[in-house]
There are 2 protein chains.
Amino acid sequence: MAYEQLKLDNQLCFRLYTAARLTMGAYHPYLDPLGITYPQYLVMLVLWEHEKQTVMDISHRLQLDTNTVTPLLQRMEKAGLIKRTKGKEDARQRIVTLTDKGLAMQEQAKHIPECLSAEILNHIGSIEELTKIVPTLDKLIEGLKQTNNEH
Amino acid sequence: MAYEQLKLDNQLCFRLYTAARLTMGAYHPYLDPLGITYPQYLVMLVLWEHEKQTVMDISHRLQLDTNTVTPLLQRMEKAGLIKRTKGKEDARQRIVTLTDKGLAMQEQAKHIPECLSAEILNHIGSIEELTKIVPTLDKLIEGLKQTNNEH
DNA sequence: TAATTTTGCATCGTAAACGATATAATTTTT
DNA sequence: AAAAATTATATCGTTTACGATGCAAAATTA
């Protein structure tokens, strides 16, 4: 028999892992019509907030490394959502900007958050219960950033 | 400027996504010596609880599809952690069992959960705050399972 | 019993993640 | 200024995820 602490039901990380995957799945019906994936949607959110950003700005914001973000951006450029131009002052940098198509997509996307809230609300009862866990998740994320930096 | 609801900081899913990734990163120093990845660790947890399971048992337990689990199990078999035998009553099934090596790994792994708790505790203050969000995550997961089944 | 459907698993293709490494441009040091 | 170190991004290889499809064994129906 398993040690108590090794039981799957006692694992917080497994819950986060599952919740994250299933939530991404819930976005599918809304992102498919736009032709983007969930990570690409996150990049769009970042760019809709600030039009002009470097690869590093984006990867910092999403807590992803450039080796994940670069191919992501390359695919998005291919899809005509963004442009990647060489930086003028610093030629190492790549400046990422939205195309007209990328900018226009914001209008189609603006209802997605409320659609998702409504969908979850159908099955869970109260959205407040979910917003209540946000500060804890933020603390966890901050803690993990430090933990992971130490190794 | 972005619509308020489209701001990254207002996205619960982004938090789950980030928290899950960073937590998996925190497991790295403990799983590397064992030569397994986090999803493989999850499979081990499942098998340590019940020695003998079909591919479907495991994929149900982890909320993953067989097209994810099968290659995972193939790699784990190659690594000598599990065996996959054809089912006797039902020849379609694959019965997954632990090898001696896989069973023995439990002893090396039994301290991992407390190590991780301690590590997080260092940076976050109280573990209770984390356990408090578990019921909400469970409700969210259950709700999302249904939501995703409808589409 | 033969035909059909369903089920359990596997394979394929694509997109993430991420460690390791490479490369070119900038900074810092000598 | 030349050399060394750092920085920003990109490339490569492996492992996940997951939609789509295939296939053989069982279960169901005709």
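We name chains A, B, ... by the order of the sequence lines, and we start the count at 1 in each one. Note: hydrogens, waters and symmetry copies are ignored here, and every other heavy atom, side chains too, is used.
Side chain of A:Met24, nearest nucleotide from D:dT15, D:dA17, C:dA17: C:dA17. The A:Thr66 side chain lies nearest to D:dA10 when the options are D:dA8, D:dT11, D:dA10. Closest approach to the A:Pro39 side chain among C:dA16, D:dT9, D:dT11 is made by C:dA16 (side chain taken as heavy atoms from C-beta onward). Distances were taken from every side-chain heavy atom of B:Thr37 (C-beta onward) to each of D:dT16, C:dA10, D:dA26; the shortest belongs to D:dT16.
Base-pair partner of D:dT15: C:dA16 (Watson-Crick or G-U wobble, both distances under 3.5 Å).
Criterion: ILVMFWY side-chain heavy atoms under 4.5 Å apart, direct or through other members. Under it, B:Met44 and B:Leu31 are part of a common hydrophobic cluster. Both B:Leu137 and A:Val134 belong to a common hydrophobic cluster when Ile, Leu, Val, Met, Phe, Trp and Tyr are linked at side-chain heavy-atom distances under 4.5 angstrom.
At least one side-chain nitrogen or oxygen of A:Gln74 sits closer than 4.0 Å to the OP1 or OP2 atom of D:dT11. Contact between the side-chain N/O atoms of A:Gln40 and the OP1/OP2 oxygens of C:dA16 is found at a separation under 4.0 Å. Put simply, B:Arg94 has no side-chain N or O that comes within less than 4.0 Å of OP1 or OP2 on C:dG8.
For the side chain to side chain donor-acceptor pair (under 3.5 Å) test with B:Tyr3, the passing option among A:Gln106, A:His111, A:Glu107 is A:Glu107; the others fail.
When each of A:Thr68 and A:His28 is assigned the nucleotide of DNA chain D with its nearest heavy atom, A:Thr68 is the one assigned upstream, toward the 5' end.
No hydrogens or angles were tested; on distance alone, nothing pairs the side chain of A:Asp65 with the base of C:dG19 as donor and acceptor under 3.5 Å. With hydrogens and angles ignored, a donor-acceptor pair under 3.5 angstrom links the side chain of B:Arg92 to the base of C:dT7.
Below 30°, between 30° and 60°, or above 60°: for A:Tyr27 and A:Tyr38 the angle between ring planes is between 30° and 60°, a tilted geometry.
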